[in-house]
Amino acid sequence: MTRVVVTGLGLVSPLGVGVKQAWNRLIAGKSGIVALDERFDALSCRVGGVVPQDEWSEASSANLAAGEIKRVPLFAQYAMVAAQEAVNDSKLLADAGESAKHTDIGCSIGTGIANMAELADTVTAFNNKGPRGISPLFVPRIIANMGAGHVSMRFGLQGPNHSVSTACATGAHSIGDAANFIRLGYAKAMIAGSTEACMHPIALGGFARAKSVATKWNDSPSEASRPFDKDRGGFVMGEGSAVLVLEEYEHAVARGAPIYAEVCGYGLSGDAHHITAPPDDGNGAYRAMKQALKQANVSAVKIDYVNAHATSTPLGDAAENAALTQLFEGRNLSDIAVSSTKGAIGHLLGGAGSVEALFTIKALETGDLPPTLNLNELSDPDVFKFNFVPKETQHRDVRYALNNSFGFGGTNSSLLFGKV
Ligand SMILES: *[C@@H]1O[C@H](CO)[C@@H](O)[C@H](O)[C@H]1NC(C)=O
Ligand SMILES: *[C@@H]1O[C@H](CO)[C@@H](O)[C@H](O)[C@H]1NC(C)=O
Ligand SMILES: *[C@@H]1O[C@H](CO)[C@@H](O)[C@H](O)[C@H]1NC(C)=O
Ligand SMILES: *[C@@H]1O[C@H](CO)[C@@H](O)[C@H](O)[C@H]1NC(C)=O
Ligand SMILES: *[C@@H]1O[C@H](CO)[C@@H](O)[C@H](O)[C@H]1NC(C)=O
Ligand SMILES: *[C@@H]1O[C@H](CO)[C@@H](O)[C@H](O)[C@H]1NC(C)=O
């Protein structure tokens with residue numbers, strides 16, 4: 001079977017703009033969760049993972065034209081800057097002829113909720129001014145595939161142009177589908193990832209009304225996201241984007257590209273259970289992970305690290321722990337590292353899958369296992385038996401790492417990355 005490898009990384013996140021910056025902060029145990037501005041004052045949750053504005057202004061003015069900053073929706077701008085960093089990193093297009101059109105390179109960039117701010121503003125403008133209140137750019141500013149559209153135009157990517165929207169599993173499905181396009185011969189390389197620019201009171205208000213978010217830490221934002229901790233009380237919403245360059249292995253080797261990791265396996269499943277809650281035993285998650293291992297022909301015995309989906313909700317973290325316990329039955333669970341980087345950045349919704357995939361790849365590359373922030377005490381040590389990498393980075397050589405993503409609507413996905 002065609003092997004698919006990762007040759008470029010790009011990131012816009014609450015821990016910073018740029019892979020190096022954000023990774024160093026993550027490993028140092030820093031948090032990107034902050035108090036939100038006065039637009040959010042009426043809400044029960046007033047904390048979030050916000051992209052640092054100074055770093056974003058600098059990166060956007062260095063990488064985007066003034067007209068793009070004005071007209072392109074923010075979620076697509078995040079993807080464009082992350083894609084630029086990944087493309088710079090991999091030198092894929094420099095090697096292929098920078099200004100050419102590339103029929104054998106495609107783009108797969110999804111988002112969860114696209115552009116809530118534009119919808120809200122347009123409703124207000126319509127109520128005040130009627131149809132004249134609607135911008136001619138309204139439609140291209142709200143449709144979910146515009147991250148893929150803008151990135152493909154910027155780089156002349158004429159291969160598959162794909163956009164997934166599977167709630168919080170979006171990033172994992174974007175990357176998994178892109179890897180499959182390469183395996184099936186649709187493209188030699190894919191620019192793949194996901195993005196979310198969701199920091200709007202209506203978006204956060206919706207999750208607050210669904211009782212999904214943390215409301216007890218408005219005065220101590222960095223403590224609000226606490227995956228697996230006994231005091232966890234809901235997720236913290238965050239924004240950002242990660243983009244990877246995926247490439248056929250032989251193609252990467254032929255041009256001497258640096259290889260970060262191999263995409264070894266990809267599993268997908270549905271819960272067919274409930275609109276927001278997982279089944280207690282995490283059965284959908286279990287089947288997605290099993291399938292990723294089967295596709296890769298890798299036994300669960302070889303997994304050293306799992307970047308958990310764990311969003312810091314009571315039910316979700318417990319269900320994922322149950323699924324992992326079943327997957328690794330027979331192994332010494334305290335010997336397997338399972339961490340959730342959401343303690344540091346919050347839950348990036350559609351952006352989560354790709355950002356955390358990127359962190360998983362960095363863990364494989366460096367052997368640094370990013371910590372689960374705010375994990376002071378497990379809710380039940382007799383049930384939560386893994387090494388959850390509490391609070392501080394650990395170091396360990398990792399051969400294979402699993403990365404899980406699950407979303408509202410009952411969608412589950414898992415990616416397996418391996419060292420090359
Ligand atoms: C990509 O490289 C160019 C040229 O070196 C640089 O100006 C730009 O800032 C880089 N973009 C990112 C996002 O790293
Ligand atoms: C594909 O890219 C074009 C620009 O080249 C864009 O207009 C279109 O929306 C994209 N299609 C999809 C499905 O993303
Ligand atoms: C799967 O891995 C096993 C053990 O490493 C090997 O014997 C077998 O040939 C592999 N199967 C496939 C289809 O590659
Ligand atoms: C399980 O793994 C832990 C951590 O590596 C180790 O301390 C412990 O001795 C192991 N237990 C058994 C029964 O092997
Ligand atoms: C990786 O794990 C994170 C959980 O920390 C999850 O949210 C994300 O969706 C996963 N990404 C992939 C590609 O599976
Ligand atoms: C599978 O997807 C569902 C969507 O309802 C998600 O909530 C759940 O967390 C996933 N399954 C598990 C066991 O985590």
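Just so you know, ligand 1 is whichever comes first in the structure, and atom 1 is the first atom listed for that ligand. Nothing fancy with the numbering, it's 1 onward along the sequence.
Here Y260 contributes atom OH and E365 contributes atom CD; the two are 6.0 Å apart, rounded to the nearest 0.5 Å.
Looking only at protein heavy atoms, the nearest one to atom 11 (N) of ligand 1 is N63 OD1, 2.8 Å. Among protein heavy atoms, atom 9 (O) of ligand 3 sits closest to N297 ND2, 4.7 Å.
Between F228 and F388, the angle of the ring planes lies from 30° to 60°, which puts this pair in the tilted group.
In this structure, E55 pairs ionically with R25, as a charged nitrogen and a carboxylate oxygen lie closer than 4.0 Å. Between D368 and K362, none of the side-chain N atoms (NZ, or NE/NH1/NH2) sits under 4.0 Å from a carboxylate O, so this pair counts as no salt bridge.
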Trace of the side chain to side chain contact (heavy atoms under 4.5 Å, CB included) decision for F207 with L349:
CA-CA 11 Å; F207 287 116; L349 310 180; 3.8 Å; yes

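Residue Q84 places no N or O, backbone or side chain, under 3.5 Å from any N or O of ligand 1.
For the residues N88, L11, V12, V81, the heavy atom positioned nearest atom 10 (C) of ligand 1 is part of N88. For atom 2 (O) of ligand 4, the choice among I336, N332, L333, N387 with the nearest heavy atom turns out to be N332.
Within a 4.0 Å radius of atom 7 (O) of ligand 1, the protein contributes no heavy atom. Within the 4.0 Å cut-off (strictly below), no protein heavy atom is located near atom 4 (C) of ligand 3. Within a 4.0 Å radius of atom 14 (O) of ligand 3, the protein contributes one or more non-hydrogen atoms.
In the model, K391 has a side-chain atom that pairs as donor or acceptor with a side-chain atom of N376 under 3.5 Å.
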